[in-house]
Amino acid sequence: MEVSKRKRKEESEMASNSVSNQAQAQIKVAAISGSLRRASRNSGLIRCAIEICKESIPGMKIDFIDIEPLPFVNVDLEKNGSYPPVVEAFRQKILEADCILFSSPEYNYSVSAPLKNSIDWASRPPNVWADKAAAIVSAAGGSGGKRSQYHIRQIGVFLDLHFINKPELFIAAKPPQTIFDNDGNVIDPDVKERLKNVLLSLQAFTLRLGRK
């Protein structure tokens with residue numbers, strides 16, 4: 001365990017050094033949680049990511065986008081090539097982002113309905129996901145959300161999203177719970193370090209794609 005933690009720390013330091021000279025411009029990250037409940041652990045992962053960026057990843061800022069107000073996808077809501085105001089505002093935030101961070105629960109071996117709905121709205125013409133770097137983290141039951149993550153990757157092929165491959169972060173959020181508190185906040189130092197490594201990888205990949 002100690003060897004594993006030391007290795008992750010070394011990887012974090014290497015990744016941080018590799019982007020420190022490049023991260024002149026601010027990278028804008030659009031973060032979306034696929035769970036709407038108040039004490040969502042996936043929302044907690046995003047809150048943790050925001051704090052990590054503020055404390056130790058210069059040049060990277062996360063915007064936590066609320067998808068709860070979005071209506072169900074329905075082309076009848078599209079008028080003269082435009083969308084409902086709440087959808088237009090959501091699409092604009094995705095368009096302005098340099099990269100995407102998904103935090104996904106796993107429902108019935110797949111993606112949650114709210115997350116899929118948001119993905120579909122932003123994919124309506126013109127597709128505002130296209131050509132952006134992306135990363136996925138998840139907290140879910142015994143699997144840690146593996147199946148939902150792989151389904152998002154499949155969806156991303158059509159959307160022209162470019163996902164980082166490593167590191168992966170799957171958190172088995174089952175009782176007894178020592179990783180999150182009752183409000184869904186991350187309290188485990190090792191998970192925070194692993195999440196930081198995901199963010200550093202996303203930052204480096206975004207820069208390599210020339211998004212900044």
Side-chain angles (χ1 to χ4, degrees), residues 23 25-36 40 42-50 52-54 57 59-105 107 110-138 145 148-165 169 195 198-212:
Q26 184 88 286
I27 290 177
K28 298 178 182 178
V29 185
I32 300 174
S33 170
S35 176
L36 304 182
S40 164
N42 284 282
S43 296
L45 285 172
I46 293 180
R47 291 194 299 271
C48 184
I50 290 171
I52 289 170
C53 285
K54 288 179 179 178
I57 307 183
M60 194 173 197
K61 184 177 181 181
I62 296 177
D63 181 16
F64 192 168
I65 301 176
D66 183 12
I67 61 174
E68 186 170 7
L70 294 174
F72 288 129
V73 168
N74 182 347
V75 295
D76 289 342
L77 299 177
E78 302 175 19
K79 306 294 183 182
N80 301 317
S82 64
Y83 301 93
V86 66
V87 175
E88 290 281 12
F90 169 71
R91 287 170 54 84
Q92 188 63 30
K93 288 180 180 179
I94 300 300
L95 180 64
E96 293 175 352
D98 300 303
C99 57
I100 311 296
L101 175 64
F102 294 104
S103 188
S104 177
Y107 295 171
S110 191
V111 182
S112 72
L115 180 55
K116 183 59 166 60
N117 187 59
S118 71
I119 290 173
D120 291 346
W121 268 127
S123 72
R124 295 294 296 158
N127 170 25
V128 294
W129 300 110
D131 207 30
K132 296 182 188 293
I136 319 170
V137 296
S138 58
S148 69
Q149 284 206 27
Y150 296 148
H151 281 184
I152 293 171
R153 287 178 180 273
Q154 286 180 310
I155 295 167
V157 173
F158 181 78
L159 301 178
D160 200 22
L161 279 168
H162 310 297
F163 288 98
I164 64 169
N165 291 322
L169 182 56
L195 179 56
V198 171
L199 295 171
L200 287 169
S201 180
L202 178 60
Q203 182 185 38
F205 191 42
T206 302
L207 291 168
R208 285 202 301 273
L209 287 179
R211 296 295 304 183
K212 278 295 183 184

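S43 contributes no side-chain N or O that, together with a main-chain N or O of S33, makes up a donor-acceptor pair within less than 3.5 Å. When atom types are taken as modelled, the side chain of S148 and the backbone of P105 share a donor-acceptor pair closer than 3.5 angstrom. A donor-acceptor pair under 3.5 Å is absent between the side-chain atoms of S201 and the main chain of V198, judged by distance alone. Formation of a donor-acceptor pair under 3.5 Å by the D98 side chain with backbone atoms of K28 is found in this model.
Ring-plane geometry between F90 and W129 is classed as perpendicular, the angle between the planes exceeding 60 degrees on a 0 to 90 degree scale with a lower cut at 30.
Of the inter-residue distances, the one linking R91 atom CZ with N127 atom CG reads 8.0 Å to the nearest 0.5 angstrom. Summarising the geometry, atom CG belonging to L115 is positioned 9.5 Å from atom CG belonging to L36; distances are rounded to the nearest 0.5 Å. Rounding to the nearest 0.5 angstrom, the gap separating the OG atom in S110 from the NE2 atom in H151 is 4.5 Å.
Shown are N42, I119, I94, I46; of these, the side chain to side chain contact (heavy atoms under 4.5 Å, CB included) with I32 is made only by I94. Tested against H162 for a side chain to side chain contact (heavy atoms under 4.5 Å, CB included), the candidates D131, T206, I100 yield a single pass: D131.
Residues passing the salt bridge (charged side-chain N to carboxylate O under 4.0 Å, His left out) test with E78 are R124, sequence neighbours excluded.
Sequence neighbours left out, the pairs with a member in residues 110-119 that pass salt bridge (Lys or Arg N to Asp or Glu O under 4.0 Å) are K116-D120.
Inter-residue side-chain proximity for F163 and I152 is flagged as met; some heavy-atom pair is nearer than 4.5 Å.
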List, one per line, each side-chain donor-acceptor pair under 3.5 Å for residues 66-75, sequence neighbours excluded.
residue: D66; atom: OD1; partner: E68; partner atom: N; Å: 3.0
residue: N74; atom: OD1; partner: D76; partner atom: N; Å: 2.9

